[in-house]
2 protein chains.
Amino acid sequence: MATTLTIELPGEPTPTGYERSCEEASPGSDHGRAIRDVLDRIGDKWSLLVVGTLRRERLRFTELQRHIPGISQRMLTLTLRQLERDGLITRTVHAEVPPRVEYELTPLGGTLIQLAMALADWAIENHPRIEDSRAAYDAAHQR
Amino acid sequence: MATTLTIELPGEPTPTGYERSCEEASPGSDHGRAIRDVLDRIGDKWSLLVVGTLRRERLRFTELQRHIPGISQRMLTLTLRQLERDGLITRTVHAEVPPRVEYELTPLGGTLIQLAMALADWAIENHPRIEDSRAAYDAAHQR
DNA sequence: CAGTATCCCCCACGATACTG
DNA sequence: CAGTATCGTGGGGGATACTG
């Protein structure tokens with residue numbers, strides 16, 4: 001069983017949201033705001049990592065913290081709250097002592113994973129080129 | 001006329017870079033660094049906008065500034081320098097008076113466009129859901 | 001025209017301490 | 001266990017002025 005992701009690559013101008021939003025002076029437009037909102041979330045330090053960690057299993061607060069080395073309680077809380085507010089994860093409190101709270105991806109959060117994977121694949125494939133370019137640039141411009 | 005690119009997304013564990021980097025305590029690992037580097041670039045305020053503006057035409061400094069309302073000279077310069085250092089755009093100085101400097105995408109920069117489009121499409125398609133979720137969350141948690 | 005150079009502000013994030 | 005509350009800091013980014 002495999003999912004199929006289809007991307008339209010316009011040979012002729014079939015303007016995508018991105019193209020249109022670039023034309024029309026991006027920020028301020030509705031599309032500009034949508035893109036900015038999403039970029040703010042995936043561009044921050046922890047969101048994508050949290051989503052990735054939840055991709056297969058529902059996890060508790062402390063378990064998440066163990067899976068994501070370096071994250072502080074504060075940032076884990078904040079990140080989880082934002083993801084919950086945006087409808088990307090759910091937070092379930094079980095009425096027990098001691099308290100048990102579980103987080104899991106929503107379907108919407110699941111679709112974000114596809115994006116994250118495309119991003120990660122591009123990053124990993126092209127990072128060597130980027131590093132080489134940086135080295136060359138630094139060599140040419142240092143004094 | 002449009003080309004169709006179809007990608008098989010494995011339903012069974014064929015770990016992608018993203019998945020692997022989530023497993024292995026992302027930051028610190030090589031993949032973690034690659035992803036972070038790319039995220040830092042596309043997550044910032046102007047890079048994606050600059051790349052998008054250059055997607056079809058080579059442009060001069062002032063032209064870029066006109067196409068991207070709100071960007072300051074300083075931020076345009078900084079953004080262009082980083083993109084150039086990462087090998088995503090080229091900077092060509094023509095020996096003329098007055099000076100003429102033109103920026104254009106490299107092939108590597110061109111591949112970034114694909115990413116940007118996937119991102120933008122996801123953002124535009126899902127933004128309504130996100131906004132609804134936010135409204136619901138805020139209504140439920142306000143005091 | 002295509003940038004530097006300064007100054008300043010805000011806030012994302014980290015560290016630490018405390019709590020229902 | 002799963003969080004708040006508080007304090008402090010770095011640097012991303014804006015405004016403005018100046019220059020080869």
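In the text below, chain A, chain B and the rest are named by the order of the sequence lines, each starting its count at 1.
- Under the 4.0 Å criterion applied to side-chain N and carboxylate O atoms, R134(A) and D37(B) are assigned as salt-bridge partners.
- Between D40(A) and R36(A) there is a salt bridge, with a side-chain nitrogen of the basic residue lying less than 4.0 Å from a carboxylate oxygen of the acidic one.
- Under the 4.5 Å side-chain criterion, counting only non-hydrogen atoms from C-beta, L119(B) is in contact with L119(A).
- Residue L78(A) contributes atom CG, which lies 12 Å from atom C1' of dC11(C) at whole-angstrom precision.
- In terms of position on DNA chain D, the residue among P99(A) and T77(A) whose nearest nucleotide sits closer to the 5' end is P99(A).
- In this structure, the CD1 atom of I71(A) is 13 Å from the C1' atom of dA12(C), given to the nearest Å.
- By the 4.5 Å heavy-atom criterion applied to side chains, R33(B) and H127(A) are counted as neighbours.
- A salt bridge links R100(A) to E102(A): at least one charged side-chain nitrogen sits closer than 4.0 Å to a carboxylate oxygen.
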- Query: Dot-bracket for DNA chain C, 5' to 3', with Watson-Crick and G-U pairs under 3.5 Å, [ ] for crossing pairs and | for other-strand pairs: what is it?
  - Reply: ||||||||||||||||||||

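- Residue order along DNA chain D, read from the 5' end via each residue's closest nucleotide, puts R74(A) first among K45(B) and R74(A).
- Taken together through direct or relayed side-chain contacts under 4.5 Å among Ile, Leu, Val, Met, Phe, Trp and Tyr, I89(B) and Y137(A) form parts of separate hydrophobic clusters.
- Panel note: side chain T106(A), backbone G87(A); a donor-acceptor pair is recorded below 3.5 Å.
- Side-chain contact between I124(B) and V38(A) is absent, with no heavy atoms from C-beta onward closer than 4.5 Å.
- In 5' to 3' order, the nucleotides of DNA chain D bounding all contacts with chain B (an atom under 4.0 Å from a heavy atom) are dG13(D) to dG20(D).
- Here the P atom of nucleotide dC11(C) and the CG atom of D40(A) are 13 Å apart, to the nearest Å.
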